[in-house]
Structure formats: structure tokens, C-alpha cells
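Read through the structure below, which is laid out as C-alpha cells, and then see the notes.
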Amino acid sequence: MADFKAIQQLDLNLLKVFESLYVEQNMTRTAETLHITPSAVSHAVKRLRACLQDPLFQRSQNRMLPTPACQRMAPLIIDNLTRLRQILQQWGEFEAESSQHHFRIGMHDALEASILPALAKQLSQRAPNTTFSSIKVERQHLVRDLTAGHIDMAFDVALPMRSPVLHEKLMDDAFCVLLNRHNPLVQKLDKSCYFEASHISVSHRPSGPAVEDMLLQEQGLARKIAIRCQNYYAAKAIVQDSDNLLTLPGSLAARLLETDLTIVPLPFDLPALATHLYWHQNTELDGALLWLRKVLRKLFEDQLS
């Protein structure tokens with residue numbers, strides 16, 4: 001039986017540790033998420049165990065798995081914590097004209113050229129005292145960074161995501177080919193020529209296929225990668241002085257286009273690259289972030305129109 005007197009005196013900060021450990025299932029990651037020590041996590045769990053008279057979590061190799069009672073009650077506790085946060089987020093209205101809020105937006109650097117100039121212009125006009133940071137986010141850490149509040153929201157390709165992370169599609173971006181204007185393939189780039197040509201691949205990862213290569217693999221296709229680099233600006237510079245082809249989303253190609261380059265449609269069908277906006281349900285009703293999401297939606301709508 002739970003200690004009801006202890007429950008009445010319960011430090012609600014312990015529930016933040018409980019929530020994070022339930023999500024992470026790892027003491028070290030929970031400590032990193034909450035910016036506390038692993039011993040502090042252990043101490044908090046010990047206090048909760050004494051209060052609720054249940055082990056709550058049981059170690060299995062390097063994971064902390066919830067007990068049956070914990071598994072039954074945790075969703076209810078987390079749901080109510082979320083509701084409480086949402087209520088508190090509505091405390092006072094967000095006044096864009098006078099706010100000094102700092103926004104933290106996770107995104108791949110390839111998106112910065114498309115998003116940041118337009119966003120900076122909007123904020124300077126509508127929320128002149130606010131600031132923002134573009135933060136690189138590793139895809140495998142996206143949920144953790146949103147949960148911990150390291151970032152307020154993030155842009156990325158379509159990912160398998162579920163609650164507590166919410167998302168919506170902002171745009172579909174068709175692939176095209178950027179090449180040197182003097183490349184002989186400008187006038188005759190067909191499917192056969194595309195796969196005979198040499199290509200530049202852009203990826204932050206040290207190995208493995210880029211997004212477009214994964215889409216090609218789904219069709220049983222593969223291209224010849226001559227050069228692999230980490231950003232599109234370097235790739236563009238290579239294209240300017242070579243006959244290599246650079247396959248990339250159309251909106252990005254338009255940003256990179258210069259007089260000695262040209263854009264050619266992809267000579268076969270490939271699914272468009274979907275850009276999604278991701279945020280944590282804890283921030284669903286936060287006035288400042290609700291306002292920023294509306295601004296970002298409008299930016300993408302304007303790009304499509």
C-alpha cells in the first residue's frame with residue numbers, strides 16, 4: 001500500500017525524474033536529460049519507491065524497465081503532468097511586440113538557407129526583441145532533445161514518430177539535378193545518362209546512403225558516387241568546376257543557383273522529400289511557441305505559393 005501521508009508531502013520534482021526515467025529507461029540518459037547527476041536520479045527513485053511502496057523500475061541489462069504497477073500508472077501520471085504544464089503555459093499572453101523570448105530551433109544546416117533569412121525578417125518586423133538559435137540535432141536524439149527542452153521545435157524529414165512528440169508536414173520538395181551549365185548532359189539528361197554519370201553525395205554521416213540514395217534503393221537503383229562531402233555549398237563549388245551531378249531538393253537548388261549552374265528536372269520519378277515540423281506535446285499550448293509555429297507555417301505556405 002502507498003504511504004498516503006508521504007504522498008501528501010511528495011516533492012513534485014520527483015515526478016519529473018519518474019517521467020524521464022519511464023521514457024528513457026536508462027539512469028544515465030535521464031540524468032543527462034534533466035541536467036542532474038545519476039546519483040540524484042537514483043536518490044529520487046528511492047524516495048518514490050518508499051512513498052509508493054513499489055520498486056517502480058527493475059534493472060534488465062542496461063535498461064530500467066517499469067514494473068506492472070508502474071506500467072499501469074505511468075501514462076496517467078505523465079498525462080496529468082502534461083496537462084499541468086499546458087495550463088501553466090497559458091499563464092499570461094505572449095506579446096510578440098514586447099517579448100524578449102529566445103527560440104531554439106533544431107534543423108539540418110541544409111535547411112538554414114531556406115528558412116533562416118525569412119524567419120529573421122519576420123521576427124525583426126513582428127517580434128523585434130526576440131532572438132533565436134539554429135541548433136544541429138542528431139536524428140536519433142530528436143525525441144530526447146525535445147523532451148528535455150534543449151530545443152523548442154525541429155525541422156526534419158518524415159520520421160516514424162508518436163506521442164509525446166507531435167508533428168505536421170510543411171511541404172513536399174521534389175528532387176532535381178544541379179549541374180554545370182557547360183555540362184553536355186544539360187540538353188540530354190535522361191535516365192540512362194543519369195546513372196552513367198558521376199555524382200556528388202552530401203551527408204553528415206561518415207558512411208551509408210544519403211536520403212536520395214535510400215529512395216533509389218527502394219526502386220532497385222544505384223548511382224555512382226564519385227565524391228562524398230558534408231554540405232551542399234562545398235558540393236556546389238565542385239559542380240561548378242566539374243561534370244559531376246548534384247541531386248538535391250528543388251528549394252535548396254534554387255538557393256544555390258548561380259550563373260554558371262543550371263537546374264534540370266530529375267529524369268525519372270522519385271518521391272518528393274517531405275519536411276515536417278516536430279514539437280513536444282508539453283509545449284502544445286505555450287503561447288510563444290504556438291505563435292512561432294504559426295509564423296513558420298506561413299513561411300512555408302509563402303514558399304509554395
Side-chain angles (χ1 to χ4, degrees), residues 19-20 22-26 29-30 32-33 63 75 78-79 82 103-116 119 132-176 201-219 221 228 230-232 247-253 266 269-286 289-290 292-301 303-304:
E19 176 187 36
S20 183
Y22 182 78
V23 172
E24 298 290 349
Q25 296 189 355
N26 181 279
R29 288 202 300 268
T30 296
E32 292 172 352
T33 296
R63 298 175 64 194
I78 293 172
D79 181 61
T82 299
F103 298 105
R104 297 156 299 173
I105 307 170
M107 70 177 74
H108 190 285
D109 61 7
L111 288 171
E112 288 190 331
S114 300
I115 297 172
L116 297 191
L119 177 59
F132 70 91
S133 298
S134 170
I135 300 171
K136 181 181 178 181
V137 177
E138 298 296 337
R139 191 163 290 156
Q140 65 269 29
H141 297 151
L142 177 60
V143 174
R144 188 189 311 172
D145 288 338
L146 287 169
T147 302
H150 296 158
I151 54 174
D152 298 317
M153 59 194 70
F155 294 97
D156 209 331
V157 297
L159 301 170
M161 204 65 68
R162 60 184 181 182
S163 181
V165 174
L166 308 176
H167 64 103
E168 65 175 283
K169 184 167 72 172
L170 295 176
M171 69 179 296
D172 282 320
D173 206 353
F175 284 98
C176 64
S201 174
V202 179
S203 176
H204 282 295
R205 296 182 300 152
S207 62
V211 173
E212 59 270 23
D213 291 301
M214 289 188 281
L215 295 172
L216 288 171
Q217 288 174 4
E218 292 175 1
Q219 300 183 23
L221 301 171
R228 184 184 179 101
Q230 297 182 64
N231 69 77
Y232 284 99
T247 302
L248 72 174
S251 64
L252 180 57
L266 203 63
D269 291 331
L270 199 66
L273 187 67
T275 298
H276 284 236
L277 181 63
Y278 297 86
W279 67 95
H280 198 281
Q281 68 179 18
N282 287 346
T283 66
E284 174 73 359
L285 299 179
D286 182 289
L289 302 185
L290 186 62
L292 182 61
R293 290 198 297 270
K294 290 179 180 177
V295 170
L296 292 169
R297 289 188 194 101
K298 184 65 167 58
L299 291 181
F300 277 83
E301 289 172 4
Q303 285 188 18
L304 294 174

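All figures in this text were calculated on a predicted structure; none of them were measured in a lab.
Looking at Glu24, its side chain never comes within 3.5 Å of a backbone N or O of Arg144 through a donor-acceptor pair. Under a 3.5 Å cut-off, the side chain of Asp145 and the backbone N or O of Ile151 do not form any donor-acceptor pair. Here the side chain of Ser203 pairs a donor or acceptor atom with the backbone of Arg205 at under 3.5 angstrom.
Looking only at side-chain heavy atoms (C-beta outward), Phe300 and Leu277 stay at 4.5 Å or farther from each other. Two residues are said to be in side-chain contact when any heavy atoms from C-beta on lie closer than 4.5 Å; Tyr278 and Val143 fail this criterion. The side-chain heavy atoms of Val211 and Leu273, taken from C-beta on, include a pair separated by under 4.5 Å. A 4.5 Å side-chain heavy-atom check between His204 and Glu138 finds every atom pair outside the cut-off. Using a 4.5 Å heavy-atom threshold, the side chains of Val157 and Arg139 count as touching. The shortest distance between side-chain heavy atoms of His141 and His150 does not fall below 4.5 Å. Side-chain contact between Ser114 and Met107 is absent, with no heavy-atom pair separated by less than 4.5 Å. Counting heavy atoms from C-beta outward, Asn282 and Glu19 have side chains that approach closer than 4.5 Å.
For the atom pair CZ of Arg293 and CG of Asp286, the computed distance is 8.0 Å after rounding to the nearest 0.5 Å. Residue Leu296 holds its CG atom at 12.5 Å from NZ of Lys298, rounded to the nearest 0.5 Å. Atom CG of Asp156 sits about 8.0 Å away from atom CG of Leu111, to the nearest 0.5 Å. To the nearest 0.5 Å, atoms CG (Leu299) and CD (Glu301) are separated by 9.5 Å. With values rounded to the nearest 0.5 angstrom, His280 atom NE2 is found 3.5 Å from Thr147 atom OG1. Here the CD-OG distance, from Gln25 to Ser20, works out to 11.0 Å after rounding to the nearest 0.5 Å.
The two residues Val137 and Gly106 have their closest heavy-atom pair at CG2-CA, 3.6 Å. Closest heavy-atom contact between Met153 and Leu289: CE-O, 3.9 Å. Nearest heavy-atom pair across Glu284 and Leu290 is O-CD1, 3.9 Å. Closest non-hydrogen pair, Pro249 versus Phe175, comes out as N-CD2, 3.9 Å. Here the shortest heavy-atom pairing between Leu252 and Ala110 reads CD1-O, 3.6 Å. Across Gly208 and Arg228, no two heavy atoms sit closer than the pair O-NH1, 2.7 Å.
With a 6.0 Å radius and a threshold of 12 heavy atoms from other residues, nucleotides or ligands, Arg297 has its CZ atom above the threshold.
The one candidate from Lys169, His167, Glu168 that meets the side-chain hydrogen bond (donor to acceptor under 3.5 Å, both in side chains) condition with His276 is His167.
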Would Leu170 and Phe155 count as a side-chain contact (heavy atoms from CB on, under 4.5 Å) here? Give the steps.
CA-CA 9 Å; Leu170 295 176; Phe155 294 97; 3.4 Å; yes
Would Leu119 and Ile105 count as a side-chain contact (heavy atoms from CB on, under 4.5 Å) if you check the C-alpha gap in whole Å, the side-chain angles of each, and the deciding distance to 0.1 Å?
CA-CA 11 Å; Leu119 177 59; Ile105 307 170; 3.6 Å; yes
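Residues in residues 103-116 take part in these salt bridge (Lys or Arg N to Asp or Glu O under 4.0 Å) pairs, two or more places apart or across chains: Arg104-Asp152.
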